Each structure stands twice: as structure tokens, then as C-alpha cells.
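If you read the sequence from its start, that first residue is 1, and numbering goes on from there. For the numbers below, each heavy atom of this structure counts, side chains included, while hydrogens, waters and symmetry mates do not. None of these values were measured; they are calculated from a predicted model.
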Amino acid sequence: MDAMRKQLDVLMGANRNGDVREVNRKYYDRDVCRLFLSGLCPHELFQLTKMDMGPCPKVHSLQLRKEYEEAKSKGVDNYDRELEDAIERLIVECDRKIGRALRRLEDEDAKAAIAISVSEVTQTPEILELSKQIKEKLKETDQHDLEGKTDLKIRALEEVEELRTTRADKQSILLLDAFNKDRASLPQPLPNPPPLAPLPVAAPDPHIQEMINEKLKKAEDLGEKGMVDEAQKALEEAEALKKLPARQEPVLDSSKYTAADVRITDQKLRVCDICGAFLSVYDSDRRLADHFGGKLHLGYMQIRDKLAELQMEFNAFAY
């Protein structure tokens, strides 16, 4: 319910019910979200994902954002540093998660030390151009919202989703190509592996062997006395003793087996350096596209882009 109320506040204005107090609200009021005013509130990015932070407890209003941007252009207020600190904390935590995942993979597979950099592989001029178009289209969406042009806003949002899908598909193709090259460098199972050497026959348990010998000696003695049925029974007991399972030896260390002795069944995981998710070099292109088009990945991509933008603006202002 709170999430729906927040969405209605953004779409229709917080004063949609005619509350005079909402009309008089200013962008600098304490109950207004400064992160939203600066362009991005993390609460909106990860809804319905494992990183869901719940609805933002403060007011989101495009009209108040417009008033803030006018004040910012005049040098009155600037909340960019607060936004930078907030999203930098999220990125630091994500990067720690990525570091832990890489160390875990390195412990299990030294090859994972050269995990593919998703950001490097997928940042081609075409992808960057699509990202630019998405950013411009989102600004256009906000403008339509401020002007009350609902139909144009809906159309612009549909175009944003189409652009994001196109970008995710192209990224998945680029990454799949990189993964295929990575896969080619991995040891492959032999098409016709040589047969394994037969395991040595375990010697029977000494105690059981002693019992077998006694049964055989008894059968021999009974046979000499003409007691055929009893001798046959002793022989059957000896045969039954021979079929008892051999004493179990300690299991051999599996690490001593070579690639020719075992089938390669591991997933050869890599870590997405944007959101920290595990990706397999054997994932299909559709699965990769679903990952890159997912809300969690796109959310982390957005905050990383926003942080780079804020740092660039800060550096330009410093000089």
C-alpha cells in the first residue's frame, strides 16, 4: 500500500487529494527525499529484488525536483554530495561482495583469477550509445510527467523498455562470445577416454578366510566318512563365506585423479563485476540476456553510472 501511494505521489502529485499542506510543501522540507531531488533514490531501483529496501519514507515529487533544479542552477542548494555518499556506500558493499566471490572461486579454481570483466567486455560504442539514448528518454519521460502528458509519458516509458531490452541482448551476445573464448581455454573431456586401470582385488578378511578353510576341511572329513549330505552343506557354507564383501579400504584422495579419470561437471563460474552475481561460462545467450535485463543488474549499472557522472561534475567544478 505504501509503495502504491508513493507511485501515485510521483505520477499525480502529493496533493492529489486536495491537501493544502501538500501544496505548500517546499523542496527543502525535511520530509522530502533529497536523493530523489538529485536524480536517483536507491529505494526505487531494487523493488521486488533481493536488495529491496522497501518504499522510501520520504516524499518523491517531480514538481519539487524541478524547483530544486532551478535553485541549484542559481547556486542556492546542492544535494549531490549526499547522493554521492549514499550510492558510494552501496557500491563499496557490492564491490566487497564481488571480492569475496572472486576469492571463493580462486580457492576452488585458479582459472577464476582471470574472471571476465563484464563492464569492459560490454562497453562498446554501440552499447554506450544505447545507454545515452535511455538516459535522454528518461529525461523526456520526466518532462512529459511535469506537463501532464500521460500518453506521451507512457509511450516514452515503452521506448525505454525496448532500448533496455536491445541493450541487454547485445550485451549478452558480447559476453557470450567472451565466455566461448574462455570456455575454449578450459580442459575438455576426451571424446573416447582410455579405460581406467582395474582396481586391485581386495584380499579377503583373514578371519573369514580362516572360517572358509575350516569349512573346506570339515567337508573333506565328512566326505571321507560317507556323510555326503553333511559334506555338501559344509561346501555351500564355505561358498557363502567367499561371497561376503571384502573389508572396505579408506577412500582414495579424489584430488589425485587426473582430468582423464573424471568427467568435467563443474559450472566454471565467473562473477559479474557490476552486481556481483555468479555467471556460468556455459550459460545460454537467453539466460545472459535475462541477467543483463534484470532489475538488480540494471539498478547497479544505474548507480555506477550516476556515481561516475557526479564525480566527473565535481572534478570539473574543482578545476
message = If you count every heavy atom of other residues, nucleotides or ligands that lies below 6.0 Å from Lys295 atom NZ, does the total exceed 12?
response =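 More than 12 heavy atoms, drawn from other residues, nucleotides or ligands, come within 6.0 Å of this atom.
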task = Take the angle between the ring planes of His60 and Phe36 and call it parallel below 30°, perpendicular above 60°, tilted in between.
result =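 Correct class here is parallel.
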Between [X] and [Y] (salt bridge meaning N to carboxylate O under 4.0 Å), is one present in this structure?
| X | Y | result |
| --- | --- | --- |
| Lys72 | Glu69 | no |
| Lys306 | Glu309 | yes |
| Asp142 | Lys66 | no |
| Glu126 | Lys170 | yes |
| Lys217 | Glu214 | no |
| Glu161 | Arg164 | yes |

key: Audit row: Leu138, Lys135, side chain to side chain contact (heavy atoms under 4.5 Å, CB included) steps and yes/no   = CA-CA 5 Å; Leu138 286 172; Lys135 188 177 296 185; 5.7 Å; no
ask   = Tell me the ring pair (Phe, Tyr, Trp, His ring centres under 6.0 Å) pairs involving residues 75-97, sequence neighbours left out?
value =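 Matches after skipping sequence neighbours: Tyr68-Tyr79.
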Joint hydrophobic cluster, [X] plus [Y], side-chain heavy atoms closer than 4.5 Å:
| X | Y | answer |
| --- | --- | --- |
| Ile91 | Leu310 | yes |
| Met301 | Leu128 | no |
| Leu152 | Leu157 | no |
| Met53 | Leu35 | yes |
| Val76 | Val32 | yes |

ask   = Can Glu158 and Arg155 be said to form a salt bridge (Lys or Arg N to Asp or Glu O under 4.0 Å), step by step?
value = CA-CA 5 Å; Glu158 290 174 348; Arg155 191 180 307 165; over 6 Å; no
Drop me the distance from [X]'s [atom1] to [Y]'s [atom2], to the nearest 0.5 angstrom.
| X | Y | atom1 | atom2 | result |
| --- | --- | --- | --- | --- |
| Ile87 | Glu82 | CD1 | CD | 12.5 Å |
| Tyr300 | Asp95 | OH | CG | 9.5 Å |
| Lys153 | Asp151 | NZ | CG | 12.0 Å |
| Leu90 | Asp85 | CG | CG | 11.5 Å |
| Gln123 | Leu174 | CD | CG | 10.0 Å |
| Glu140 | Lys149 | CD | NZ | 10.0 Å |

Does [X] reach the side chain of [Y], with side-chain heavy atoms less than 4.5 Å apart?
| X | Y | answer |
| --- | --- | --- |
| His297 | Ile274 | yes |
| Glu88 | Gln311 | yes |
| Pro42 | Ile303 | no |
| Leu37 | Leu64 | yes |
| Arg65 | Leu62 | yes |
| Arg304 | Cys94 | yes |
| Lys137 | Gln133 | no |
| Val59 | Asp29 | no |

request  = Please test Arg34 against Leu83 for side chain to side chain contact (heavy atoms under 4.5 Å, CB included), starting from the C-alpha separation and ending with a verdict.
outcome  = CA-CA 8 Å; Arg34 292 187 172 187; Leu83 175 60; over 6 Å; no
task = Would you sort out whether Phe292 and Asp169 count as a side chain to side chain contact (heavy atoms under 4.5 Å, CB included), showing the intermediate values?
result = CA-CA 8 Å; Phe292 290 118; Asp169 287 341; over 6 Å; no
ask   = Counting only N and O atoms by type, is there a donor-acceptor contact under 3.5 Å from the side chain of Ser73 to the main-chain atoms of Glu70?
value =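 Yes; at least one donor-acceptor contact below 3.5 Å.
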query = side chain to side chain donor-acceptor pair (under 3.5 Å) with Lys218: which residues, sequence neighbours excluded?
reply =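 Residues passing side chain to side chain donor-acceptor pair (under 3.5 Å) with Lys218: none at all.
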Side chain to side chain donor-acceptor pair (under 3.5 Å) partners for Gln63, two or more places apart =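 None.
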Looking at every non-hydrogen atom in both residues, tell me the closest pair between [X] and [Y] and how far apart they are.
| X | Y | value |
| --- | --- | --- |
| His144 | Ala156 | CD2-CB, 4.3 Å |
| His43 | Gly54 | ND1-O, 3.0 Å |
| Cys275 | Leu296 | CB-O, 4.5 Å |

inquiry  = I need the single residue from Leu307, Leu45, Asp305 that forms a side-chain contact (heavy atoms from CB on, under 4.5 Å) with Leu40. Which is it?
reply    =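 Filter result, single survivor: Leu45.
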message = side chain to side chain contact (heavy atoms under 4.5 Å, CB included), that's the test. Do Glu44 and Cys56 meet it? Break it down for me.
response = CA-CA 8 Å; Glu44 294 183 331; Cys56 180; over 6 Å; no
